[in-house]
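Sequence lines set the chain letters: A, B, ... in the order given, protein chains first and strands last, and positions in each chain run from 1.
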Protein chains: 2
Amino acid sequence: MAPSTDTPTYLAVAGVLARSLSSAKPGSRLPSENELARTYGLHRQTARAVLQELERRHLVRRVRGRGTFVASLIDYRVGPGAAPSFSETVRRTGAAPRSETESIRLRAAPAAVRAELELATGAQVYLISRRRFVDDELVGCGDTYLAADLVPDLPRRLHRSASLYEALTEGYDLEPVRAVYRAEVELASERVTRRLGLDAQPWTIATRGIAECARLRRPIEVTAGWLRADVFRLVVEFGGR
Amino acid sequence: MAPSTDTPTYLAVAGVLARSLSSAKPGSRLPSENELARTYGLHRQTARAVLQELERRHLVRRVRGRGTFVASLIDYRVGPGAAPSFSETVRRTGAAPRSETESIRLRAAPAAVRAELELATGAQVYLISRRRFVDDELVGCGDTYLAADLVPDLPRRLHRSASLYEALTEGYDLEPVRAVYRAEVELASERVTRRLGLDAQPWTIATRGIAECARLRRPIEVTAGWLRADVFRLVVEFGGR
DNA sequence: TAGTGGTCTAGACCACATA
DNA sequence: ATGTGGTCTAGACCACTAT
């Protein structure tokens, strides 16, 4: 409240709140902008700056009409051994992962995918669009391209909330294994922003992978995914342990 | 200027500027907040929001008293083969890297470092603090711990702007090779924030590595580094190409 | 309907960099 | 001395979510 030194008021208050947040329960609500302004004797815009600073640090998430809530970062570990699994990553933190198939569409393979899957010109692929949730909060989305001839009748056999991996292994005897994997931190495109239900383009962990089937000795799927970078933290590890 | 639709003014103007930025020369100056307000007929705070939005997207960097400047992101590629070199990474983009030794201090090894370097209790290490520049802009900093017995007389033999790697290979016949490597995106600590000369804690790519010497068959150095995430972009790659 | 966060204007003072 | 970005108050309207 009293800016005794040169450190700005909103950073001072943010520091106070930040310290108290470390022991707060994820998902619990913070004071609103108006409450904060009242209790610290600030203008609403200054109180707002406090909460925005906490949001910038990924300590809270704010949603219009509802409030400001304590966030908890999930480490998204990437190593030479294995590409990370969304569900396992989330479950390890004690939260509840959920994946939902938005749509399954049959279409001619785009050129890039055709090259990666070693398909002939005009070959068809299934494009499977999915959304990822943590504790029922939408935190990511992804697309998978599958050579259509390998998974006949897929739309009927993959239901909305089923695991794609399980469908492939158990339904089609395909055992996808990651051959190429790439992850980077990037600003969401407008399309991904819309899919995530956000206004402003969020930073994301963008992944792209090609999986092969050992039995068939050929690449069978291409996946691209985006996870909100204010929910997941990219961690890379080589060697050690 | 005219909010014909529901998309806010500051995002509309930011979109216009963002498109024009893709063909702008990195380092060149954007209009100031006041100029922007004048040309678009906005209040200064709204013009400010425009430039802050561009900063949030890492398209520009702003510095108090000087102005807003076009930024250029540098990919910081990490793969199973090799840990990236700061200098090579920067040089490949056509920019000018520079590393500067801030200080070299002799001290008892901290417990964590002692374990990683397999040193006896009370063993001494050199702590070398360095700063990283791109085109004379401070973009990172780092610390290196070296077992003191391996590099006698180091403070006199490593000058301010020399390469530490070259000093080790040519001056001491040590050939450090990365054994363990870890990179993650994290908010800078207050200490790192100060070293980077910033007010607000920036997001950084934080790295930590242990290097061994093949000849001696033992770990010889521990390094920790922080690079501004609005200057570098973390990219991880496995397999392929 | 009340409360939340999101946007915008008006106007002020400040610290800092440059000339 | 001027211009830059950084902070702060005052007060307004809006869209969205809950009840």
Side-chain angles (χ1 to χ4, degrees), chain A residues 1-15 17 27-56 59-71 136-138 193 197-202 230, chain B residues 1-15 17 27-56 59-71 136-138 193 197-202 230:
Chain A
M1 176 193 183
S4 56
T5 77
D6 49 0
T7 149
T9 310
Y10 83 98
L11 283 183
V13 177
L17 289 191
S28 59
R29 236 201 70 183
L30 275 76
S32 73
E33 298 178 352
N34 282 318
E35 286 168 350
L36 209 57
R38 216 176 314 128
T39 65
Y40 283 92
L42 308 171
H43 185 76
R44 187 192 144 206
Q45 290 292 2
T46 305
R48 177 174 175 73
V50 171
L51 295 177
Q52 281 180 320
E53 172 65 20
L54 296 180
E55 186 179 42
R56 193 188 70 84
L59 296 177
V60 304
R61 279 195 287 283
R62 320 188 66 205
V63 0
R64 152 143 86 222
R66 305 218 303 134
T68 300
F69 303 89
V70 179
D136 289 323
E137 186 185 4
L138 179 55
T193 303
L198 300 174
D199 307 319
Q201 299 167 276
D230 56 346
Chain B
M1 175 191 184
S4 56
T5 77
D6 49 0
T7 149
T9 311
Y10 82 98
L11 282 182
V13 177
L17 289 191
S28 58
R29 237 202 68 182
L30 274 77
S32 72
E33 297 177 354
N34 282 317
E35 285 168 351
L36 209 58
R38 214 176 314 130
T39 65
Y40 284 92
L42 309 170
H43 184 76
R44 187 194 144 202
Q45 289 292 3
T46 305
R48 177 176 176 73
V50 172
L51 295 177
Q52 282 180 321
E53 172 65 18
L54 297 179
E55 185 179 42
R56 192 190 71 86
L59 296 177
V60 304
R61 278 195 289 283
R62 321 188 65 205
V63 1
R64 151 140 93 216
R66 305 218 305 136
T68 300
F69 303 89
V70 180
D136 290 323
E137 186 186 4
L138 179 56
T193 302
L198 300 173
D199 305 321
Q201 298 167 276
D230 57 346

Trainee: For residues 41-48 of chain B, dump all side-chain donor-acceptor pairs below 3.5 Å to protein atoms at least two apart in sequence or in another chain.
Mentor:
residue, atom, partner, partner atom, Å
B/R44, NE, B/E33, OE1, 2.7
B/R44, NH2, B/E33, OE1, 2.8
B/R48, NH1, B/E33, OE2, 2.7

Trainee: Once hydrogens and angles are ignored, does a donor-acceptor distance under 3.5 Å link the base of C/dG6 to the side chain of A/Q52?
Mentor: no

Trainee: Are any of the side-chain heavy atoms of B/T193 and B/P202 separated by less than 4.5 Å?
Mentor: yes

Trainee: Atom CG of B/D199 to atom P of C/dA15: distance rounded to whole Å?
Mentor: 13 Å

Trainee: What is the distance, rounded to the nearest whole Å, between atom CG of A/L198 and atom P of C/dG5?
Mentor: 17 Å

Trainee: For residues B/D199 and A/L11, determine if any side-chain heavy atom of one lies less than 4.5 Å from a side-chain heavy atom of the other.
Mentor: no

Trainee: Pick base, sugar-phosphate or nothing for B/R29, based on heavy-atom distances below 4.0 Å to the nucleic acid.
Mentor: sugar-phosphate

Trainee: I need the CD-C1' distance between A/E33 and D/dC8, as an integer number of Å.
Mentor: 15 Å

Trainee: For B/H43 and D/dA12, what is the distance between atoms NE2 and P respectively, to the nearest whole Å?
Mentor: 16 Å

Trainee: Does the base of D/dT7 carry an N or O that pairs as donor and acceptor with the side chain of B/Q45 under 3.5 Å?
Mentor: yes

Trainee: I would like to know whether A/R66 and A/R29 meet side-chain contact (heavy atoms from CB on, under 4.5 Å); could you show each step before the answer?
Mentor: CA-CA 9 Å; A/R66 305 218 303 134; A/R29 236 201 70 183; over 6 Å; no

Trainee: A/L30 and A/F69: which non-hydrogen atoms are nearest, and at how many Å?
Mentor: CD1-C, 4.0 Å

Trainee: With the side chain counted from C-beta on, respond yes when A/L59 and A/L17 share a heavy-atom pair under 4.5 Å apart, and no when they do not.
Mentor: no

Trainee: Rounded to the nearest Å, what distance is computed from the CG atom of residue B/L51 to the P atom of nucleotide D/dG5?
Mentor: 7 Å

Trainee: Specify the separation, in whole Å, of atom CG of B/L30 and atom P of D/dT4.
Mentor: 12 Å

Trainee: To the nearest angstrom, how far is A/F69 atom CZ from C/dG5 atom C1'?
Mentor: 11 Å

Trainee: Does B/T9 place a side-chain N or O at less than 4.0 Å from the phosphate oxygens OP1/OP2 of C/dT7?
Mentor: no

Trainee: Using the side-chain hydrogen bond (donor to acceptor under 3.5 Å, both in side chains) criterion, which residues pair with A/R38? Sequence neighbours excluded.
Mentor: none

Trainee: Can you see if the side chain of B/T46 gets near the phosphate of C/dT9 - specifically, an N or O under 4.0 Å from OP1 or OP2?
Mentor: yes

Trainee: Each nucleotide N or O in nucleotides 13-19 of chain D that has a protein N or O under 3.5 Å away: list the pair and distance.
Mentor:
residue, atom, partner, partner atom, Å
D/dA18, OP1, A/R66, NH1, 3.4

Trainee: Mind checking A/E55 for me? I need base, sugar-phosphate or nothing, with any heavy atom below 4.0 Å counting as a touch.
Mentor: nothing

Trainee: Check whether any side-chain N or O of A/S32 sits under 4.0 Å from OP1 or OP2 of C/dG3, and answer yes or no.
Mentor: no

Trainee: Nearest whole angstrom, please: distance from the P of D/dA10 to the CG of A/L42.
Mentor: 10 Å

Trainee: Closest approach to the side chain of B/P8, judged atom by atom: which nucleotide of D/dG5, C/dT7, D/dT4 is it?
Mentor: C/dT7

Trainee: Distance check: side-chain N/O of A/Y10 vs OP1/OP2 of D/dC8, anything under 4.0 Å?
Mentor: no

